[in-house]
Structure formats: C-alpha cells, structure tokens
> 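Could you have a look at this structure, given as structure tokens, before my questions?
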Amino acid sequence: MKAFKKLVALGLVAAFSLSLVACGAQKGESLEGETGSKGETITFGTNAEFPPFEYVTGSGVIDQYDGIDMAIAKKIGEDVGKDVAINNMEFDSLLLALQNGQVDAVIAGMTITDERKESVDFSVPYYTATQVMIVKEDSDIKKASDMADKKIVVVQGYTGETCVQDLGYKYEAFKKGSETILELLNGKCDVVVIDSATAEKYVGDNEGLKIVEDNEAFEAEEYGIAVKKGNTELLNQINDSIKKMLDNGTVSEISAQYLDADTTSEEEAE
C-alpha cells in the first residue's frame, strides 16, 4: 500500500443503476416525496481546511476555493451543464447540512464508510488514500504502536481520529489541520495522524517535520462524493462525470497539478 494519496483507475461496474432526484440551488420543492429541485446550480458542501483537496486562496477555481476536490466539483458542473457554488463549513456539520437541504452534495476528501452510507448515498470512489503520522525529524516514533505513550493530535471528524480511537490511544482533536501542525511545531504534541497527501503538503511547507508510515496499522480508504439519500438523478450525473474523468485521466492531471503546487491558504499564511 502506498503511503501517499493516489488516484486509482477503478474498475467500475457498467450497469450502475442507482436512481435519485437532482438537487439544485433552490430548495424546498418536492418531487415524488423527495426534497430538492431542478435548479441551475449545484451547491457543494466542503471543509476548506484540507490541502491539497480544498483550501482558501486569493483566486480559486470556484471563487476563493481551490484544490483537487474543488477542480473536480467545477468539472462536474461543466459536465452536467450547471453552475457550481461552495458552502464552506466545519467537517462534522457537512452530512447534517446535506440531510437538511443546505447543500446538494458534499465533496471534502470524505472517506466512504458503512456508517456514513446509512445516512447518505456515495458516488463511485475517485481516490484511494491512507493515514500516516507526522512527527519531528528527531522523533523516536517508527510505527503506530510507538504512539502509545505520546501526545497525539488529530483533526476532529477526520479518519485519523477514528484510527487513533481504534488503536485505543488518548488524543486531542482540533478543528483544523493547520492547528495540529502548529501544535507539533511548537512542541505541544509528539505526533499528528492525518491523511497522507495532506501530510505531504504540510511536511513540504514546514521544515523539521517528516512522515512515518505504518501500512499494517492504517488501511487504505476510498473517497467519494455524498448526496442525500434518494437523490438518484444528481448521483447518476456525478457518477457519469467521475467515470469520464477517471477514464480520460482528468483526475490524475488535476491531482498531479495540486500535489506539486504550493497550497498554503491565506489563513495559514497570516
């Protein structure tokens, strides 16, 4: 298993027959008992604290929002002939906002899990990732079990938090990835557990840090776009666009562009 986030050209089943009702920018209308409307805008919920997937910058691909997921969202809008808007909020609020009709879909480097699939429908996966540990260069942490007596920090609601919980270790959770890195740089913690591609960006942007991998402790995970249960029309549109981008290499090109770019947000730069 690779310890960096990579695009996987997934073998998709040709007969994909999930059927839902599209949500647009306008809310409150009903079609066959499902909330949603056929508007001209798809509103994506995200948490723009997760470079290189979503972050705030001076000039993004969608208003001030930039990153791999934002570029994918924009391309989906182009493919289905609709405008795209972004609603930025805390990660833990995203699925509730989706269920309440505040957003039409969620794209936020979100891992597809059985628990989440109980409340929302996911698109076909577009990314495969794993978790890693960020430590200082002189750290004695070599594998996940070495964290047992260390001070661990994670981002609240991210997969890293779940992994540390599963290991049975105590930890402190922050709302932003940048906050966890500041804790590490300032010597207030020993290790940050976070997604591999995001870890690469943080380590690249901050001297004195390194990545520690443990493929036995951290399994691979798949990212997908969430829509409200029963919204088959929008789900099918998203799936068709993702399949097209996987087949023609668009997502690979997008990911390569952002993994090689400086994704420091304006907020982090202050």
> If we ignore angles and hydrogens, is there a donor and acceptor under 3.5 Å between the side chains of Ser196 and Thr130?
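The answer is no; no qualifying pair exists.
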> Stepwise, does the side chain to side chain contact (heavy atoms under 4.5 Å, CB included) test hold for Tyr126 with Ser255?
CA-CA 11 Å; Tyr126 63 91; Ser255 63; over 6 Å; no
> Do Tyr171 and Glu161 get their side chains close enough for a donor-acceptor pair, meaning under 3.5 Å?
yes
> Checking Lys143 against Val212 for the side chain to side chain contact (heavy atoms under 4.5 Å, CB included) test, could you report, in this order, the C-alpha distance in whole Å, the side-chain angles of both residues, the deciding distance, and whether it holds?
CA-CA 7 Å; Lys143 54 186 182 299; Val212 176; 5.8 Å; no
> Just to verify, what does Phe91 make a ring-ring contact (aromatic ring centres under 6.0 Å, His included) with, not counting sequence neighbours?
Tyr158
> For the hydrophobic clusters of this structure (ILVMFWY residues joined by side-chain heavy atoms under 4.5 Å, transitively), does one cluster hold both Ile72 and Val56?
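Yes, same cluster.
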> Thinking salt bridges, do Lys244 and Asp247 make one under a 4.0 Å N-O criterion?
no
> Which pair of heavy atoms, one from Leu185 and one from Asn206, lies closest together, and at what distance?
CD1-OD1, 3.5 Å
> Give the C-alpha distance, both sets of side-chain angles, the deciding distance and a yes or no for side-chain hydrogen bond (donor to acceptor under 3.5 Å, both in side chains) between Glu221 and Gln131.
CA-CA 9 Å; Glu221 57 192 284; Gln131 299 296 301; 2.8 Å; yes
> Specify the closest pair of heavy atoms between Thr111 and Phe122, including all atoms of both residues, with the distance to one decimal.
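Of all heavy-atom pairs spanning Thr111 and Phe122, the closest is O-CZ, 4.0 Å.
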> To check you understand the geometry: which heavy-atom pair defines the closest contact between Val192 and Cys189, and what is its length?
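In terms of heavy atoms, the two residues are closest at CG2-SG, 4.4 Å.
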> Give the intermediate values and the outcome of side chain to side chain contact (heavy atoms under 4.5 Å, CB included) for residues Ile194 and Tyr202.
CA-CA 10 Å; Ile194 200 167; Tyr202 282 138; 4.0 Å; yes
> With distance as the sole criterion, is a donor-acceptor pair present between the side chains of Tyr223 and Asp69 under 3.5 Å?
no
> Can you pull out every salt bridge (charged side-chain N to carboxylate O under 4.0 Å, His left out) where at least one residue sits in residues 84-99? Sequence neighbours excluded, please.
Glu90-Lys175
> Between Asp140 and Lys150, does any side-chain N to carboxylate O distance fall below 4.0 Å?
yes
> Would you say the side-chain atoms of Asp195 pair up with the backbone N or O of Ala197, donor to acceptor, closer than 3.5 Å?
yes
> Could I get the full list of salt bridge (Lys or Arg N to Asp or Glu O under 4.0 Å) partners for Glu172, not counting sequence neighbours?
Lys151
> Please tell me whether Phe53 and Tyr127 form a close aromatic pair, meaning their ring centres lie under 6.0 Å apart.
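Between Phe53 and Tyr127, the centre distance is under 6.0 Å.
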